[in-house]
Asks: 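Can you read through this structure? Questions will come right after.
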Amino acid sequence: MSSTIDINKICDWCGKEFIAHKSSTRFCSHRCSGLSYKASKREKHVREQNQRTSELKTTEIISSLNYFTPRQFAILLGVGKSSVYRWLADNLISCVRLKGKTLISKEILDKMFVNPSEYIKKKKLEEEAVSEFYTTKEVLEKFNISNGWLFKIAKARNTPKSVVRGKTYWSKTHIDKIFKDKNPSSFYKNDWYSVDEICDKFQLSKDVVYRLAYENAVRKVKEKKQVFYSKFDIDKIFKVKETLPEYYSMEEAMERFNMTRDQISYYVRSNKVPRTYEGKFVKIDRKTLDAVLAGPIIVKKR
C-alpha cells in the first residue's frame with residue numbers, strides 16, 4: 001500500500017527538489033540512487049588502495065631501521081602489538097628499555113629465523129557428541145526465564161540445539177553453564193536494589209523510583225524481566241537530599257494529597273509556594289505546601 005503523504009526534499013545526488021512519500025527517501029530517481037551508489041563504491045576502493053600503499057611505505061621505512069619499537073616490530077611481522085608485548089613478557093624476545101621506551105634490535109629479528117624449531121601442527125579437537133538435552137519447557141521452568149530471553153541468550157552463546165518434530169531440544173551441559181549464576185536474589189543482593197526494595201526502604205512509589213533513576217542516571221541491570229539499580233547510586237542520591245531543602249515533585253505532591261496536577265498547580269500559584277525547576281521537572285517546597293494543605297485544627301472546649 002503506497003503512502004499518501006507528500007514531503008518536499010532535496011536529492012542528495014543532483015540537488016534538485018522533489019516530492020517524496022517516505023521520510024527516508026534520499027534521491028529523486030533510480031538513476032541518482034545508482035550514481036550515488038557507484039560513487040561511494042569508487043571512493044571506498046580508492047580509500048582502500050591508498051591505505052594499502054601507505055602501509056607498504058610504512059613497512060619499507062621500518063625495515064630500513066636498526067631498532068624497532070614494539071609497534072613497529074608488530075607491523076614488520078604482520079601481527080598485533082599485544083602479541084609482541086606478550087612475547088616480551090614471556091622472554092621470547094630480548095629488548096632494551098630506556099626511560100620507559102622499549103627498543104628491539106634488528107638482530108633479534110634475524111636470529112628468530114636462524115635454526116627455527118620444527119613446526120608442529122595442532123591437533124584438531126575431537127567433537128563431543130551431545131547426549132543429554134532439555135526441552136524448551138524444562139529450561140523455562142528450571143531457570144524461571146522467558147521464552148524470548150532463552151532464544152536470545154542461546155543465539156548469543158551459540159548454544160547447540162536440535163529440532164525434532166517441531167520441538168526444540170537444548171544441550172543440557174551448555175544450558176547449565178550459561179544459567180548457573182543467573183539467580184537475581186543471590187547475584188545482585190550485595191550491590192543492587194530491586195525496585196520493590198527501594199520503595200520499601202525510602203517509602204516511595206514505583207513511578208517516583210523510575211523518575212529518580214532517570215533524572216540521576218542511576219546505573220541499572222535487567223535480569224529475568226526484573227530491574228536492579230545500583231545501591232551506591234541510590235544511597236548517594238538520598239544522602240545528598242538530606243543536606244538540601246526538601247521538595248516535592250509534582251507526582252509526589254499529587255500522591256501525597258490525592259489531588260490532580262491542576263489542583264496542585266492552583267494551590268501553588270494562589271499561595272505563592274516556592275518552587276524551582278530542574279530541566280522540565282518542577283520542585284515544590286515541601287514545608288510550605290504541607291502548611292497550605294494542612295487539615296483544620298479543631299479545639300475542643302472543656
Asks: Does Tyr267 have more than 12 heavy atoms from other residues, nucleotides or ligands lying within 6.0 Å of its OH?
Replies: no
Asks: Between Lys161 and Phe151, which heavy-atom pair has the shortest distance, and what is it?
Replies: NZ-CE2, 4.2 Å
Asks: With heavy-atom distances below 4.5 Å as the criterion, would you say the side chains of Thr260 and Tyr266 are in contact?
Replies: no
Asks: Say you draw a straight line from OG of Ser162 to CZ of Phe133; how long is it, rounded to the nearest 0.5 Å?
Replies: 6.0 Å
Asks: Hey, what do you get for CD1 (Ile198) to NZ (Lys206), rounding to the nearest 0.5 Å?
Replies: 11.0 Å
Asks: Roughly how far, to the nearest 0.5 Å, is the CD1 atom of Ile234 from the CZ atom of Arg219?
Replies: 10.5 Å
Asks: Give the intermediate values and the outcome of side chain to side chain contact (heavy atoms under 4.5 Å, CB included) for residues Leu98 and Leu103.
Replies: CA-CA 8 Å; Leu98 301 173; Leu103 294 175; 4.1 Å; yes
Asks: Is Glu138 salt-bridged to Lys172, cutoff N-O under 4.0 Å?
Replies: no
Asks: Please say which of Glu215, Arg211, Lys283 ends up in a side-chain hydrogen bond (donor to acceptor under 3.5 Å, both in side chains) with Ser249.
Replies: Arg211
Asks: When you measure from the side chain of Thr53 to the backbone of Gln49, do you find a donor-acceptor pair of N or O atoms at a distance under 3.5 Å?
Replies: yes
Asks: Asp200 and Gln203: which non-hydrogen atoms are nearest, and at how many Å?
Replies: O-NE2, 3.0 Å
Asks: Find out if a path of hydrophobic residues (ILVMFWY) with successive side-chain heavy-atom gaps under 4.5 Å connects Tyr37 to Phe27.
Replies: no
Asks: Step through the shown structure and confirm whether more than 12 heavy atoms of other residues, nucleotides or ligands are within 6.0 Å of NZ on Lys9.
Replies: yes
Asks: Determine the minimum heavy-atom distance between Val209 and Cys199, stating which atoms define it.
Replies: CG2-SG, 3.8 Å
Asks: Can you see which heavy atom on Val282 is nearest to which on Arg275, and at what distance?
Replies: CG2-CD, 4.1 Å
Asks: Can you confirm whether Glu251 sits close enough to Asp207 that some side-chain heavy atom of one is under 4.5 Å from a side-chain heavy atom of the other?
Replies: no
Asks: Same cluster for Met250 and Tyr277 if Ile/Leu/Val/Met/Phe/Trp/Tyr side chains link at under 4.5 Å?
Replies: yes
Asks: Indicate if Val79 and Ile75 have the same hydrophobic cluster label, given that clusters are the connected sets of ILVMFWY residues with side-chain heavy-atom separations under 4.5 angstrom.
Replies: yes
Asks: Please report the shortest heavy-atom distance between Arg286 and Tyr247, naming the atom on each side.
Replies: NH2-O, 3.4 Å
Asks: Going from OG on Ser105 to CD1 on Ile93, what distance comes out if it is rounded to the nearest 0.5 angstrom?
Replies: 12.0 Å
Asks: Does the pair Tyr229 and Tyr210 meet the rule for a side chain to side chain contact (heavy atoms under 4.5 Å, CB included), with working shown?
Replies: CA-CA 10 Å; Tyr229 290 103; Tyr210 293 137; 3.4 Å; yes
Asks: Measure from the side-chain N and O atoms of Asp6 to the backbone N and O of Ile19, and report whether any donor-acceptor pair falls under 3.5 Å.
Replies: no
Asks: Okay, side chain of Lys106, backbone of Ser63: is any donor-acceptor separation there less than 3.5 Å?
Replies: yes
Asks: Name the orientation class of the two ring planes belonging to Phe257 and Tyr248 (parallel below 30°, tilted from 30 to 60°, perpendicular beyond 60°).
Replies: perpendicular
Asks: Are side-chain heavy atoms of Leu293 and Met259 found at a separation under 4.5 Å?
Replies: yes
Asks: How far does OH of Tyr85 sit from SG of Cys95, to the nearest 0.5 angstrom?
Replies: 9.5 Å
Asks: Would you kindly check if the NZ (Lys) or CZ (Arg) of Lys231 is within the cone defined by 45 degrees around the ring axis of Tyr193 and under 6.0 Å from the six-membered ring centre?
Replies: yes
Asks: Between Lys201 and Glu197, is there a salt bridge with N-O shorter than 4.0 Å?
Replies: no
Asks: Check the pair Glu252 / Leu204 against side chain to side chain contact (heavy atoms under 4.5 Å, CB included), numbers first and verdict last.
Replies: CA-CA 9 Å; Glu252 290 170 338; Leu204 302 172; 4.3 Å; yes
Asks: Please answer: with hydrophobic residues joined when any side-chain heavy atoms are less than 4.5 Å apart, are Phe68 and Leu77 in the same cluster?
Replies: yes
Asks: Does any N or O in the side chain of Thr59 come within less than 3.5 Å of the main-chain N or O of Glu55, such that one atom is a donor and the other an acceptor?
Replies: yes
Asks: Would you call Thr135 and Tyr169 a side-chain contact if the rule is heavy atoms closer than 4.5 Å?
Replies: yes
Asks: Would you please test Thr25 and Phe18 for side chain to side chain contact (heavy atoms under 4.5 Å, CB included) and show each step?
Replies: CA-CA 10 Å; Thr25 304; Phe18 68 101; 3.9 Å; yes
Asks: What distance separates Asn271 CG from Leu289 CG, expressed to the nearest 0.5 Å?
Replies: 8.5 Å
Asks: Looking only at heavy atoms, what is the nearest atom pair of Ser94 and Ile108, with distance?
Replies: OG-CD1, 2.9 Å
